[in-house]
Amino acid sequence: MRILSFLLSVLLAFAGFSQTNPRERRLLDDGWKFHFGHAGDPSKDFNYGIANLFAKTGRADKTPIEAKFNDREWKNVNLPHDWAVALPFVNVKNNDVLAHGYKPVGGLFPETSIGWYRKKFTVARADSSNRFSIQFDGIFRDAKIWLNGFYVGNNESGYVGETFDVTDYLHYDRENLLVLRVDATQYEGWFYEGAGIYRHVWLNKYHNTHIRENGVFVHAKHEGSNALVTVETELVNKALTPADVSVQVYITDRNGREMARSAAFPVALGILGTEKVEQNIPVNTPRLWSIEDPYLYRAIAVVKQEGKVIDSIKQRFGIRTVTIDANKGLFLNGKQVKLKGTNNHHDHAGIGTALPDAMHYYRIRRLKEMGSNAYRTSHNAPNPELLDACDSLGMLVMDEHRLLNSSPEYTSQLERLIRRDRNHPSVFMWSIGNEEGYVQTNSFGRRIGQSLLMLQQKLDPTRTSTYAADLANFRRGINEIIPVRGFNYRDSAVAAYHRDNPGQPIVGTEMGSTVTTRGIYKVDTVNAYVPDQDITSPWWASTAEEWWTLAAVNDYWMGGFIWTGFDYRGEPTPYEWPNINSHFGVMDVCGFPKNIYYYYKSWWSDEDVVHISPHWNWKGREGEPIEVWVNSNAEQVELFLNGKSFGKKDMPRNRHLKWMVPYKAGKLEAIGWRKGKKNKAVVETTSAPDKLVLQSEFTMLDQGENNTAVVNIHVIDAKGRTVPDVNELVTFTLSGPGKIIGVGNGDPSSHEPDQYSEGEVWKRKLFNGKCQVIVQVEKGVGKITLEAKSAGIKAGMISFEVK
Ligand code: GAL
C-alpha cells in the first residue's frame, strides 16, 4: 500500500501536480486586534457614521480602516473569538436578553454590541500573478469588511460564511490591513448566539483560471459490489485571455492510493467564462461509508493548461446510499437505521461559540458514546469542522437553513450552505426551516418552501429536505409540499398523521425537551434547578420515555432528534434569572452526562448499561424512603442495599425501573441480566473529599487541529470513590507552552466568569462534584502542566506533551 501511494505521489509530482499548482490556503486566525465600537454614538464608534465611507473608493480616512490608525491600545485576540462569552451576566428584564442568556449583546447594549477587528498580513510579490480570496467561515453578525481601505463586502448572516475575491486590493511584499466592523445589535435566534469572528478566516490563493469556490461536487451511487462516483467540477476563467484547459479526476483511498481515474476532459473557457465538467468514475468493491465504519475516499480534481497543473482540489467523500420509505423509515446502504438523534446549538462551556476544531470532535464523541447516530444543526449552518468530525466519526447530520425566506439574501445563504456542505457523506438531509409560526400553515409558507426546495434540488439532487413543524395532525401550508414531514413535539399526533398521509415520510425533528439539572434531586426555584430525572417537561414537550416508546417500535417513524444533546447558553426553561442556560441537554454545557443520558444509552447503544441514580450521600435522611431509578437495557434487574435485596424486576423495553429504598449509608448495588450475562452498577456513600482528579482523553497535543484539550475534574475520597456533592472553589495554574481558554461546571445558574484576563487567577467552583478546564497550545513545544487546587483537598495535576 505504502509503495503504491508513493508511486502515485511520484506520478502526480511528475505530472507537475505539486510544483506548479498555486492553490494554497493560509489560516488568518492569529494576531488580530479587537475593540468595541458603539451602536449609537459615532464618536465612540471610531467615526463610523460620520466618516463618509462609501463616497470614494480606496480610502477611509479617520477610521480604523486606514493603515495609519493606531491600534496599540486594542486588545490582542486570536480566532475563533466570541466577545460575548467574556462579558458579565446582566439581569435585564427583556425576553430577548433572557433568551440569549443574559449577556449584554443586542440593541439594548450599544457599547458592547459592535466589534472592530484589525489584522495585518503580507503576501509575497512572487505570488502576485495569482488570484486571492478571503474566506470567513462564520461571523456573528452583519460584518462589513475592508481590505487596504477598499470596501470588500458584507457578510450579513451570523452563521453562513462568505468568500470575497480580494485580488485587486492586495499589496505585495508590504503589509496588508484587513478591517471588520461586526454588528451584533440584531439577533437571529432565540438562544445564545455569541458575537464576533467565531470561526476561521482563510486567505486562499489560486490560479487565474481555477475551480470556483466550493466548485467540486462529489456524489456516488452504488449497487451490488460496484459504485459510480460522479465528480462535478466548476471552472471559471479570470484571466485576460481565453483558456484551453483539461480536467481529470483521480479517486484515491484514504491512504492516497489511486483507485480509479477519469480521462482528461478538454474545456475551452472564454474570458470570465464558466463551465461545469461532469465525470463518472467506476470504483469496484467500494468500502461504504456508514455510522459504524465511516470510510472516506478522496477525489482529486486536476486542472491542466498546456500540460501543466494549474489547479487541483482534494475533496473527501464517502460512498453511501440513503433511501427513505414512508412506511419503513430510513435506509443507509440498504440497512434500516432508526435515527437516534440530538439537536444542538454550537456553544460550549468556557468558550461560547468560539470552538477550536478539536472541540467538535470532543462533542461528537460524547454523543456517539451515548449511542446517538444523528445530529440536527438547529437552527443554522454549522461549523465546517463539525461536519468533518461527523464524517470522520460516523454521525448522520440534518443540516439546517436559518430562516424560511426566499428573498435574495436568504436564498444566497441556502445556496452557500448547500454548496459548502453537499460533499459531506454525513449530511443525509437538509432542513429548510424551523417553527415559522407566522407562515407555516398558510400559502406564504407553501410558496416560500417551494422556492427553497427548487433551489435545494438544483444544487443537490442527491438529497431531500424536511421542515421542522410544531404542528399536530393536519397538513396545510408548507407541509403540503415538504418531502419529509418533520414533527417538533406533538408525538402523540404522529400515528394519526401517518394514517392520514401514508405517503409522506415522518421524522421527529424535535423530541423530548425534558429539563434536568445534573446531580440535583429536588425542585429548587431559588437556584432554578430541576430534578435530574426524566420527569419534567414543558407543556409543549414530552419526557424521553413518552416519545421514544412510540418512535422505537413504529417503522414509519424514521426516528427523532431530542431537544437537546448538550445544554446551551440562553433559553433558561422553566425558570428565568438566576438561570442563564438551558436545562434541555442530556449532558450539561461541559458534556457531563445527566441521568437521562443513561436512559438513551440503554436503548440507543449496543453496550450493556446498568446505571443507578441518585447518588447515595443522604446524611441526615436516615430511614427516609429514597426513590432509586435504574436505567438499563438488561432483561431483569435486582437492587441491593448493603447486601439486602429489594427485589428483582423485569425491565420493560424502552423504560426504566424504580424502587423505594429507606436510606442507610453504605452500598447500593444493581445487578442486571442481559442475554445471560450479569452486569453490575454500584453507588456508595462516600467520605470527605480527599483529592482532585484531572482527566483528559488525550495527553499528546500539537500546533494543528489537536491543539486543544478538555480537562475534566472530579473529586475522590480517601478510598478513591467519586464524591458527587462537592461544590468547592478550584483554582488553576498552567505552565509550559499553553494557556487556559475557558472554564465551566455545568451549573445552569452560575454567574462565575468563563474566562479570565492575563494576570488573573483562573478559577471555577465544582458543581455537584465536577468542573472543566479547556487548555490550548500556544506556540512552542514541550510539556504543559495544569494544576488544580482547592482548600482542604489534595491538589491534582495533568500534563500534556506538545509536539
Ligand atoms: C422549540 C424550538 C427550539 C427550542 C425548543 C425548546 O419550539 O424549535 O429552538 O426553543 O422549542 O423546547
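Atoms within each ligand, like the ligands themselves, are counted from 1 in listed order. Along the sequence shown, the residues carry numbers beginning at 1.
Heavy-atom contacts of N488 reach the following atoms of ligand 1: 8 (O) (cutoff under 4.0 Å). Interface atoms of ligand 1 facing E435, defined by a heavy-atom separation under 4.0 Å, are 1 (C), 2 (C), 7 (O), 8 (O). Close approach of ligand 1 to H379 (heavy-atom distance below 4.0 Å) involves ligand atoms 3 (C), 8 (O), 9 (O). When each atom of ligand 1 is checked for a heavy atom of F584 under 4.0 Å away, the hits are 6 (C), 12 (O). Close approach to N434 involves these atoms of ligand 1, each under 4.0 Å from a residue heavy atom: 8 (O). Using a 4.0 Å cut-off to heavy atoms of E510, the atoms of ligand 1 that qualify are 1 (C), 2 (C), 3 (C), 5 (C), 7 (O), 8 (O), 11 (O). For ligand 1 and S513, the ligand atoms under 4.0 Å from any heavy atom of the residue are 6 (C), 12 (O).
The closest protein non-hydrogen atom to atom 10 (O) of ligand 1 is E571 OE2, 2.5 Å.
With rounding to the nearest 0.5 angstrom, the CD atom of E193 is 9.5 Å from the CG atom of D96. Between the CG atom of D491 and the CD1 atom of I506 there is a distance of 12.0 Å, given to the nearest 0.5 Å.
Salt bridge annotation for R402-E188: absent, with no cationic side-chain nitrogen under 4.0 angstrom from a carboxylate oxygen. Salt bridge status for D555 with K328: present, with a side-chain N to carboxylate O gap under 4.0 Å.
W430 pairs in a side-chain contact (heavy atoms from CB on, under 4.5 Å) with only one of the listed residues (D421, V397, T466, T464), which is D421.
Polar contact check, Y568 against ligand 1: no nitrogen or oxygen pair lies under 3.5 Å apart. Considering backbone and side-chain atoms together, H345 places no N or O closer than 3.5 Å to any N or O of ligand 1.
The number of heavy atoms from other shown groups lying within 6.0 Å of NZ (K368) is above 12.
No side-chain donor-acceptor contact under 3.5 Å links E385 and Y361. Using a 3.5 Å distance cut-off with no hydrogens or angles, the side chains of N633 and S602 do not pair a donor with an acceptor.
Residue-level proximity to ligand 1 for Y489 is carried by the side chain, the only part with a heavy atom below 4.0 angstrom.
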